[in-house]
There are 2 protein chains.
Amino acid sequence: MSGAWHPGDRVPAEHELMVEFDCSRMTVNRALSALADAGFVERRRRAGTVVARPRRQMAAIEIPDIEAQVEAAGARYRLETLSVDRIDGAAAPAVARLEGAAEVLAIVCRHHGDGVFALEERWINLDAVPRAAGVDFGRVAPGRWLLDYVPWTEGDYRIAAVAADPRLTVPADTPCLSFERWTSRGGQTITYVRQVFPGGFALTAGGSG
Amino acid sequence: MSGAWHPGDRVPAEHELMVEFDCSRMTVNRALSALADAGFVERRRRAGTVVARPRRQMAAIEIPDIEAQVEAAGARYRLETLSVDRIDGAAAPAVARLEGAAEVLAIVCRHHGDGVFALEERWINLDAVPRAAGVDFGRVAPGRWLLDYVPWTEGDYRIAAVAADPRLTVPADTPCLSFERWTSRGGQTITYVRQVFPGGFALTAGGSG
DNA sequence: TAGTGGTCTAGACCACAGC
DNA sequence: CTGTGGTCTAGACCACTAG
């Protein structure tokens, strides 16, 4: 972190650090493995450990659900559900990647804080989450419900700037942030959501390189 | 990952798993610690290990530099540097958080791929990176140079949608993605950058919850 | 083929926090 | 007080790969 070691520099071998720090090889290995996981060094058998050449920037972002975002901004949250429909999987838009699903729940809602905070269009795979059919999404936001009740293992995200959607009731020339997310578990898509935020929001993140 | 264990469920203690899987406690501990680091379980002394209640969505995003993005899209990259100025730290915009710096390098450039890809405004703290004063930023993009030569330990990011900047030479009503980044090491701000992309770009990410 | 990291073991002592 | 996880040790065998 001080920058004293430069990318490509050789890090002493485990047995040398073991002597230098008077500890066992297991302890050295755990430390170096942690550095390797964090991307600070690269390790290869026989070749040894070298300071990593940062090739890309990595960051861990934390995505609070919308209700938490609104409340963090000091406003009171209100959900307005525009429609909830049970449709055939083939009727879902292709972008949702839900072609294989027999039944899909299609939800459109608005999140309000101090004004309209976000528009959300969501498709839930009822084959993967049958319980969702019995939930009153007029009262609980789909994102919150899924977060609480449906574990997931893979997520894909896409962030882009788009023009305002008329359903946001903001001036048509307001630049908006589009946040898309595909959530799946074991290769099966659980839900696809597209959220549109007027103006944007902050993603706090950390990282190193 | 199968969802068979629900949030709050108790995970067997290390000595039980040791018997079940016929391995040493160290091995069990490493597995459970990895699961805890990944956020799948929570561990507390005496209380034991339980399946975590996902409270928020976390994702690790990978941010390639612009040159790599352009080339990944199949276009040829070209850098156009509009201005490079050595200024007083006090003259940098407050948002750059560079008030303490004696000297700052202010750079404005355009990244071209198939058309204008991005506009970049960057401020580099010359107190922290004196070598930057000798670099020809008309030939090498500041982001690429910094990535190669300046290690960093903390990064903050902000993503928002904004109107088009005239310097992007795209229609004024084109929604654009603004990507801001503060990079620091040991509490000292190294660089602040604001990049504006017409339309947006994809951030591929992974995560679990 | 020898040097390096990857991983496991059996045992130990300790810190912490429910009971 | 006691059950739990946190961490360390000394030693071992193995996998990979650069020279």
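Just so we're on the same page: letters track the sequence lines, and every chain starts at 1. Given the structure is predicted, the values throughout are model-derived calculations rather than measurements.
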Between C:dT4 (P) and A:Leu17 (CG): distance, integer Å: 12 Å
Side-chain donor/acceptor contact of B:Arg46 with base of D:dT2 under 3.5 Å: yes
Presence of B:Asn29 side-chain N/O under 4.0 Å of D:dG5 phosphate oxygens OP1/OP2: no
Short side-chain N/O contact to C:dG18 OP1/OP2 from B:Arg44, under 4.0 Å: yes
N/O donor-acceptor pair, side chain B:Arg25 with base D:dG6, under 3.5 angstrom: yes
Note: A:Glu120-A:Arg194 ion pair, threshold 4.0 Å (strictly below): no
Parallel, tilted or perpendicular: rings of A:Phe197 and A:Phe117 (30°, 60°): perpendicular
Along DNA chain C (nearest heavy atom to each residue), the more 5'-positioned of B:Ser24 and A:Pro12: A:Pro12
Nearest to side-chain heavy atoms of A:Cys23, which nucleotide of D:dT9, C:dT4, D:dG6: D:dT9
Interatomic distance, A:Glu42 CD vs C:dT4 P [rounded to whole Å]: 18 Å
Pair of N/O donor and acceptor under 3.5 Å linking C:dA15 base with B:Arg45 side chain: yes
Salt bridge flag under 4.0 Å for residues A:Arg43 and A:Glu14: yes
Below 4.0 Å: OP1/OP2 of C:dG5 and any side-chain N or O of A:Thr49: yes
Ion pair check, A:Asp156 and A:Arg97, cut-off under 4.0 Å: yes
Of the listed nucleotides D:dT9, C:dT4, D:dT4, the one nearest the side chain of A:Ala13: C:dT4
Side chain of A:Arg43 (C-beta onward), nearest among C:dT4, D:dT4, C:dG5: C:dG5
Whole-Å gap separating C1' (C:dG5) and CZ (A:Arg30): 16 Å
Distance-only donor-acceptor check, side chains B:Arg122 and B:Thr191, under 3.5 Å: yes
Contact under 4.0 Å: A:Thr27 side-chain N or O vs D:dT7 OP1/OP2: no
Base-pairing mate for D:dG19 - Watson-Crick or G-U, with both contacts under 3.5 Å: none
